[in-house]
Amino acid sequence: MSLDPKLLEVLACPQDKGPLVYKESEQLLVNERLGVAYRIDDGIPVLLIDEAQPYAPGVD
């Protein structure tokens, strides 16, 4: 399931308020600056700091 491009334009990381990278194949929104990822459940981004998972930059 793909996210609406307009939604992606306004989403920001809840930790540093910076942009997120959408990894469609993994259904994740990634903040490579902090090395964290936020899952997408049924098309809904879960942007809760407590739900963030570690993410290694450059690994797709």
Side-chain angles (χ1 to χ4, degrees):
M1 174 180 286
S2 183
L3 288 180
D4 184 335
K6 291 180 183 179
L7 177 62
L8 290 173
E9 288 178 21
V10 298
L11 288 178
C13 177
Q15 293 183 59
D16 72 359
K17 311 302 185 245
L20 295 165
V21 176
Y22 179 41
K23 304 286 185 176
E24 185 173 5
S25 63
E26 300 171 74
Q27 287 299 287
L28 293 173
L29 289 166
V30 176
N31 180 333
E32 293 181 346
R33 298 172 306 283
L34 299 179
V36 297
Y38 301 93
R39 73 182 188 280
I40 300 169
D41 288 346
D42 297 321
I44 301 170
V46 181
L47 296 177
L48 301 171
I49 293 172
D50 293 343
E51 296 288 325
Q53 55 195 35
Y55 189 86
V59 176
D60 288 329

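All values derive from a computational prediction rather than experimental measurement.
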Contact summary for L3 and G43, nearest pair of heavy atoms: CD2-O, 3.4 Å
Within-4.5 Å side-chain heavy-atom neighbours: L29 and Y22: yes
Distance, nearest 0.5 Å, that separates NZ of K23 from CD1 of I40: 12.0 Å
Y38 OH to N31 CG distance, which is reported to the nearest 0.5 Å: 6.5 Å
Cluster link V36 to L8, ILVMFWY, side chain under 4.5 Å: yes
Nearest heavy atoms of L11 and P45, plus distance in Å: CD1-CG, 3.9 Å
Shortest non-hydrogen contact from C13 toward D16: CB-OD1, 3.4 Å
Considering all heavy atoms, the nearest A12-K17 contact: CB-O, 3.7 Å
Contact summary for E32 and V30, nearest pair of heavy atoms: CG-CG1, 3.6 Å
Considering all heavy atoms, the nearest L28-R39 contact: CD2-CA, 3.7 Å
